[in-house]
Protein chains: 2
Amino acid sequence: MNSDFSLAVHSLTLLTLLPDHMSSSDAIAESASVHPVRIRKVLSLLRKQGLIKSKEGTGGGFIFASNPSEITLREIYKITSGGSLQPKCPDVNNSCVVGANMKDVLCSIFLDAEDHLGEFLGQYSIEDVVKSLKQKQ
Amino acid sequence: MNSDFSLAVHSLTLLTLLPDHMSSSDAIAESASVHPVRIRKVLSLLRKQGLIKSKEGTGGGFIFASNPSEITLREIYKITSGGSLQPKCPDVNNSCVVGANMKDVLCSIFLDAEDHLGEFLGQYSIEDVVKSLKQKQ
DNA sequence: GACACTGTAACTATTATTATTACAGTTATT
DNA sequence: AATAACTGTAATAATAATAGTTACAGTGTC
């Protein structure tokens with residue numbers, strides 16, 4: 001899986017922990033050791049799905065649009081990495097029974113698999129992640 | 001996920017369908033539209049785990065070591081793509097509470113997730129894949 | 001108006017994946 | 001024993017995916 005998922009979870013976790021639940025891409029980027037533009041890209045996805053809001057201009061940044069206890073890893077996975085479980089298949093080869101249909105068969109199995117993964121990830125909210133983090137300390 | 005998994009499933013499916021359950025890397029590669037060396041590499045992994053056997057020299061190739069109904073997608077996933085669900089995390093950043101522990105938290109969640117995925121994939125044997133393929137025709 | 005932000009596009013660098021080449025080792029066939 | 005058809009594997013090249021960087025327009029605050 002790519003790191004968009006991790007960055008999204010990281011960002012939301014950080015926002016949850018901050019007193020005013022708000023931060024800039026620069027600050028988040030420093031915490032996550034990545035480039036600020038990458039944070040803006042990832043959080044832009046979350047914003048488009050209504051998980052967070054952003055504010056431009058001085059004193060601006062990113063802030064929750066909903067409650068950290070209501071945002072689950074499932075939603076974040078879907079937004080940032082949906083489809084990444086799907087195994088890559090070589091080109092369909094119509095001159096071969098196996099090559100012609102393998103892609104379809106695997107796709108349908110992994111669509112199901114991704115649903116199951118979604119259910120599993122739905123168990124964990126951002127708040128749960130925050131709790132786990134606090135326990136680690 | 002990388003395509004090793006798909007190639008492994010493809011190869012085993014093809015072997016199952018062939019009358020003598022045997023084939024060379026060249027023939028499998030053509031069916032899967034990839035380079036023969038790649039097939040040899042992937043099947044080498046399966047061989048090391050005892051799923052198939054290989055025979056060098058003229059008339060050689062790959063052949064099952066066990067029954068297609070006993071090999072599940074779970075084993076194949078583990079062998080070819082185990083760990084690929086794990087989201088990439090940026091470097092641990094010890095100067096930040098979140099950055100310092102996020103990796104651990106996500107790792108443990110996704111280890112569990114991969115177990116669940118394994119259980120799901122365990123439902124499907126190569127024989128099941130073959131059946132699905134035949135239905136598609 | 002100066003400053004501190006986000007939003008995005010364009011480009012570069014890095015890393016991961018795949019293909020290709022090369023060749024040693026093995027076995028069947030003649 | 002020579003040849004041909006295989007696997008095994010390393011080394012390298014090509015391609016694709018990911019991430020970093022630069023640049024700048026737009027927005028809100030002071």
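Below, read A as the first sequence line, B as the second, and so on, with proteins coming before strands; counting in each chain starts at 1. Every heavy atom of this structure was used, including side-chain atoms; hydrogens, water molecules and symmetry mates were not.
- Of the residues in residues 45-54 of chain B, those with a non-hydrogen atom less than 4.0 angstrom from any atom of DNA chain D are R47(B), K48(B), S54(B).
- Here the P atom of nucleotide dC6(D) and the CD atom of E30(B) are 13 Å apart, to the nearest Å.
- Every side-chain hydrogen bond (donor to acceptor under 3.5 Å, both in side chains) that S31(A) has, sequence neighbours left out, goes to H10(A).
- Ring planes of H116(B) and F120(A): tilted class, angle from 30 to 60°.
- For the side chain to side chain contact (heavy atoms under 4.5 Å, CB included) with L51(B), the lone residue among I71(B), L45(B), L43(B) that qualifies is I71(B).
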K136(A)/V97(B) under side chain to side chain contact (heavy atoms under 4.5 Å, CB included): CA gap, chis, key distance, verdict: CA-CA 10 Å; K136(A) 291 264 171 193; V97(B) 180; over 6 Å; no
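- In this entry the distance linking CD1 of I39(A) with P of dT6(C) reads 11 Å, nearest Å.
- Sorted by first and then second residue, the salt bridge (charged side-chain N to carboxylate O under 4.0 Å, His left out) pairs involving residues 13-39 of chain A (not counting sequence neighbours) are D4(A)-R38(A).
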Along nucleotides 25-30 of chain C, 5' to 3', which nucleotides get a B, which get an S, and which get a -, given that the test is a protein heavy-atom distance under 4.0 Å? BBBB--
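- Distance alone, capped at 3.5 Å, is enough to place a donor-acceptor pair between the S6(B) side chain and the K88(A) backbone.
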Do nucleotides 13-22 of chain D as a string where each nucleotide becomes B, S or -: B if the base has a protein heavy atom under 4.0 Å, S if just the sugar-phosphate does, - if no protein is that close. ------SBBB
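- Looking only at distances, no side-chain donor or acceptor of H21(A) sits under 3.5 Å from a matching main-chain atom of I63(A).
- Remark: S25(A) is in phosphate contact with dT6(C), judged by side-chain N or O atoms under 4.0 Å from OP1 or OP2.
- In terms of the side chain to side chain contact (heavy atoms under 4.5 Å, CB included) criterion, residue partners of T72(B) (sequence neighbours excluded) are, by chain and number, R74(B), E75(B).
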List the steps, then state whether side chain to side chain contact (heavy atoms under 4.5 Å, CB included) holds for E127(A) with N67(A). CA-CA 9 Å; E127(A) 202 163 278; N67(A) 202 295; 4.2 Å; yes
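- Hydrophobic clustering of Ile, Leu, Val, Met, Phe, Trp and Tyr side chains at less than 4.5 Å, counting indirect connections, keeps V42(B) apart from V37(B).
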